[in-house]
Amino acid sequence: MKLLSLLTICLFMFGCATTPTNLVRQPIGDQQAIVQLGTDAIKTGDRVELFKETCREVTRKDLTTTRCSKASRGMASVLEIKSPQEAIIKADSGVSLEQGLFVEKAKQ
């Protein structure tokens, strides 16, 4: 029974860790970047929001867990879909682009 529970937890965690995400792969100059697409929900002309995720380990008693939070870094526009795996975005004025930022379609 314990083995089954452990296996279920591992599969759940693996599924969460492999959820497709859109990431800034490479900044191009000051305002543009190549985004690695993990989902096909983003199209040319869409507004997207950029997030930075920070994680830290929290230990309580004998249990250590990782807590992550994300903070908005600004907005950008999708200029072009280069392939099913890549897009080019242009950040709004004043937004700093860096590798590893998460990209999500802006909520209307």
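- Atom NZ of Lys52 sits about 13.5 Å away from atom OG of Ser72, to the nearest 0.5 Å.
- Pairing each heavy atom of Leu50 with each of Ala76, the nearest pair is CD1-CB, 4.3 Å.
- For residues 24-38, every residue pair satisfying the salt bridge (Lys or Arg N to Asp or Glu O under 4.0 Å) rule, not counting sequence neighbours, is listed here: Arg25-Glu86.
- The shortest non-hydrogen separation linking Asn22 to Leu37 is OD1-CA, 3.4 Å.
- With a 4.5 Å cut-off between side-chain heavy atoms of Ile, Leu, Val, Met, Phe, Trp and Tyr, the cluster of Leu23 takes in Phe51, Phe102.
- Under the side-chain contact (heavy atoms from CB on, under 4.5 Å) criterion, Arg67 pairs with Val58, Arg60, Thr65, not counting sequence neighbours.
- Within the 4.5 Å cutoff, the side chain of Lys107 has no heavy atoms near those of the Glu49 side chain.
- Note: Arg47 CZ to Ile89 CD1 = 10.5 Å, rounded to the nearest 0.5 Å.
- Residues Ala33 and Leu97 approach most closely at CB-CD1, 3.8 Å, considering heavy atoms.
- Checked by atom type, the side-chain pair Thr64/Glu57 shows no donor-acceptor distance below 3.5 Å.
- Contact of the Ile88 side chain with the Lys82 side chain is registered, since non-hydrogen atoms from C-beta on lie closer than 4.5 Å.
- In this structure, the separation between CD on Gln26 and CD on Gln99 is 8.0 Å, given to the nearest 0.5 Å.
- In this structure a side-chain-to-backbone donor-acceptor pair under 3.5 Å is missing from Glu53 to Lys70.
- Note: the hydrophobic cluster containing Ile42 does not contain Leu79 (ILVMFWY, side chain heavy atoms under 4.5 Å, direct or indirect links).
- Residue Leu101 is not grouped with residue Ile34 when hydrophobic side chains (ILVMFWY) are merged at heavy-atom distances under 4.5 angstrom, including chains of intermediate members.
- Summarising the geometry, atom CG belonging to Asp46 is positioned 7.5 Å from atom CD1 belonging to Ile81; distances are rounded to the nearest 0.5 Å.
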